[in-house]
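All remarks here apply to the structure that follows.
Order of the sequence lines sets the chain letters (A, B, ...), proteins ahead of strands, with each chain counted from 1. Please read these numbers as outputs of a predicted model, since none were measured by experiment.
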Number of protein chains: 2
Amino acid sequence: MTDTATDDFTLLLDDQLCFSLYAASRAVTQLYRPLLEPLGLTYPQYLVLLVLWERGALPVRELGEALRLDYGTLSPLLKRLEGSGLVRRVRRAEDERSVRIELTDAGDALRERAMGIPARIGDAMGLTAEQHEQVQGLLAGLTERVAARAAELAGRRGDRSGPTRQ
Amino acid sequence: MTDTATDDFTLLLDDQLCFSLYAASRAVTQLYRPLLEPLGLTYPQYLVLLVLWERGALPVRELGEALRLDYGTLSPLLKRLEGSGLVRRVRRAEDERSVRIELTDAGDALRERAMGIPARIGDAMGLTAEQHEQVQGLLAGLTERVAARAAELAGRRGDRSGPTRQ
DNA sequence: CCAAATTCAATCGTGCGCAATTTAAATGCG
DNA sequence: CGCATTTAAATTGCGCACGATTGAATTTGG
């Protein structure tokens, strides 16, 4: 057995890092809610716009890879963003299977109004720069390892990346 | 301005701790899925059982406080757990408004089969004991601060705890 | 004691997440 | 070329999350 964690694993709720993650993630989402509500966005919709603001128009598949979300989540979400007039869904000529997601002018303009949000979130989190980086680094590694293990167990259903691993 | 984090707040996805949290939480839930599927449980249902195994029968309200989940989530979830024969919902005589959630024998027995799960999750996370505690500690503080701020902004809608704060 | 306020829980509506299935377009291969 | 395979996206179904509303039981205050 490796040197992972406490080595006495219990079924106590507060021992479980998973619950800390789950609780933290939901708390942050709830903080976003009142900040995004004036923009008419949900948190996942905001994440989609972050990617589009950063990288420009993208096919749905690449959006999904960036956010680790599948079509089952993205398709209806993008339809709602289109309904809000923030993105266009354009069937590409080179490959008629593929749909490119483009920002409309309104979607592009929304970026201005979102500029202040990261600072407000960061402020509420109340971590120092070192803590922020530390947590982010540990979570990045954790996510990668956990996703790899999940892919093994699930029999390679969501084979997003990573080799067969034995 | 306080000493929170990087001080150059951007709209870049990978700068955002919130996304690391969101991605990590979903990855962990996906790892639980194949482990819980043989027990016929979802991850939130498993969390409810953790609390009941630890603390015994509880009114719905206290379950919700422990997990930070509201009735809108818990009521249907508990109805499904009752349908699976793992818990009973007992209207209390002293206070007819309150419903006590009790484990059935089957729910109690399931504890045995769940004993191995925390170790499997901990192993996949691949953190040392120090890292584990560090992340957990930082997330606990973060969650508390973020929830407090969210409660302020939302105008005290979900006034779960904590004073008015100015 | 009784009306107003509070509390516990359920329900409803919306929007994720995700597995599984379906459809259509593109690619590969004999 | 022709047909099987692969790929992009949408759809379906289920189970959360959560705000808002509702209803019933209890508590509070006059």
Side-chain angles (χ1 to χ4, degrees), chain A residues 22-23 25-34 36-37 40-48 58-65 67-84 89-101 150 154-160, chain B residues 22-23 25-34 36-37 40-48 58-65 67-84 89-101 150 154-160:
Chain A
Y22 171 73
S25 180
R26 284 189 297 125
V28 170
T29 301
Q30 284 196 57
L31 178 55
Y32 269 104
R33 200 179 307 278
L36 292 176
E37 190 266 324
L41 294 175
T42 65
Y43 176 62
Q45 291 169 9
Y46 168 75
L47 291 180
V48 165
L58 287 177
V60 179
R61 191 183 66 80
E62 290 190 42
L63 262 177
E65 280 167 5
L67 298 172
R68 297 175 173 277
L69 289 172
D70 69 6
Y71 295 108
T73 300
L74 283 176
S75 283
L77 186 157
L78 292 169
K79 198 172 286 183
R80 283 186 288 269
L81 278 182
E82 187 178 41
S84 305
R89 293 152 74 253
V90 184
R91 191 66 66 168
R92 297 200 308 166
E94 324 87 88
D95 185 341
E96 287 283 339
R97 294 170 302 180
S98 181
V99 171
R100 176 184 297 276
I101 306 298
R156 223 144 295 4
R157 272 201 297 263
D159 197 30
R160 297 199 200 282
Chain B
Y22 172 73
S25 179
R26 283 189 299 123
V28 170
T29 300
Q30 284 196 60
L31 178 55
Y32 269 105
R33 200 179 307 279
L36 292 175
E37 190 266 323
L41 293 175
T42 65
Y43 176 61
Q45 290 169 9
Y46 168 74
L47 291 180
V48 165
L58 286 177
V60 179
R61 191 182 66 80
E62 290 190 40
L63 262 177
E65 280 168 4
L67 298 171
R68 296 172 172 278
L69 290 172
D70 68 6
Y71 296 108
T73 300
L74 283 177
S75 283
L77 187 157
L78 292 169
K79 198 173 288 184
R80 284 186 286 271
L81 278 182
E82 187 177 42
S84 306
R89 292 152 74 253
V90 183
R91 191 64 67 168
R92 298 200 307 166
E94 324 88 88
D95 186 341
E96 287 283 341
R97 292 170 303 180
S98 181
V99 171
R100 175 184 297 277
I101 306 298
R156 223 140 299 0
R157 270 201 297 263
D159 197 31
R160 295 201 202 282

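Following rounding to the nearest Å, B:Leu77 (CG) and C:dA10 (C1') show an atom-to-atom distance of 14 Å. Straight-line distance from the CZ atom of B:Arg33 to the C1' atom of D:dC14: 11 Å, rounded to whole Å. Straight-line distance from the OH atom of A:Tyr43 to the C1' atom of D:dC18: 17 Å, rounded to whole Å. If you take CG of B:Asp70 and P of C:dT11, they are 14 Å apart, rounded to a whole angstrom. For B:Leu41 and D:dC16, the CG to C1' distance is 14 Å, given to the nearest whole Å. The distance from atom CD of A:Glu37 to atom C1' of D:dC18 is 14 Å, rounded to the nearest whole Å. Taking atom OH of residue A:Tyr32 and atom P of nucleotide D:dA17, one finds them 19 Å apart after rounding to whole Å. One atom, CG of A:Leu69, and another, C1' of D:dA10, lie 16 Å apart when rounded to the nearest Å.
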Check: protein-nucleotides 3-5 of chain D nitrogen or oxygen pairs below 3.5 Å:
none

Output one line per pair: protein atom, nucleotide atom from nucleotides 23-28 of chain D, and distance, for all N/O pairs under 3.5 Å.
unit_1, atom_1, unit_2, atom_2, d
D:dT26, OP1, B:Glu96, N, 3.0

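When the side-chain nitrogen and oxygen atoms of A:Arg80 are compared with OP1 and OP2 of C:dC16, one or more of them lie within a distance under 4.0 Å. Distances shorter than 4.0 Å separate none of the side-chain N or O atoms of A:Lys79 from OP1 or OP2 on C:dG15. Residue A:Gln30 has a polar side-chain atom (N or O) positioned under 4.0 Å from OP1 or OP2 of D:dC18. Side-chain N/O atoms of B:Tyr71 include none lying less than 4.0 angstrom from OP1 or OP2 on C:dT7. Applying the 4.0 Å criterion to OP1 and OP2 of D:dT7, one finds that A:Arg61 has every side-chain N and O outside that range.
The residue B:Ser75 sits close to a base: some heavy atom pair falls under 4.0 Å. B:Arg100 comes within contact range of no nucleotide atom at all, as no heavy-atom separation falls under 4.0 Å. Here B:Leu74 lies out of heavy-atom contact (under 4.0 Å) with every strand. When heavy atoms are screened at a 4.0 angstrom cut-off, A:Ser98 is found touching the sugar-phosphate backbone but no base atom.
Position along DNA chain D of the nearest nucleotide to A:Arg91 versus A:Tyr22 favours A:Arg91 as the more 5'-ward residue. If you find the closest nucleotide of DNA chain C to A:Thr42 and to B:Arg89, the one lying nearer the 5' end belongs to B:Arg89.
Comparing atom distances between the B:Val60 side chain and each of D:dG15, C:dC16, C:dA9 picks out C:dA9 as nearest.
For the atom pair A:Leu58 CG and A:Ser98 OG, the distance stands at 10.0 Å (nearest 0.5 Å).
For the pair A:Leu63 and A:Leu78, the minimum side-chain heavy-atom distance is below 4.5 Å. The side-chain heavy atoms of A:Val60 and A:Arg89, taken from C-beta on, include no pair separated by under 4.5 Å. With a 4.5 Å cut-off on side-chain heavy atoms, B:Leu77 and B:Arg80 count as touching.
Ion pairing of B:Glu37 with B:Arg33 is absent here, as no side-chain N (NZ or NE/NH1/NH2) approaches a carboxylate O to less than 4.0 Å.
The main-chain N or O of B:Thr42 is found under 3.5 Å from a side-chain atom of B:Gln45 such that the two form a donor-acceptor pair. B:Arg100 places no side-chain N or O within 3.5 Å of a backbone atom of B:Arg91 that could act as its donor or acceptor partner.
Smallest separation of non-hydrogen atoms from B:Tyr43 and B:Leu36: CA-CD1, 3.6 Å.
When the options A:Leu67, A:Leu47, A:Val28 are evaluated for a side-chain contact (heavy atoms from CB on, under 4.5 Å) with B:Tyr22, the one that passes is A:Leu47.
Between A:Tyr32 and A:Tyr46, the two ring planes are tilted [angle within 30° to 60°].
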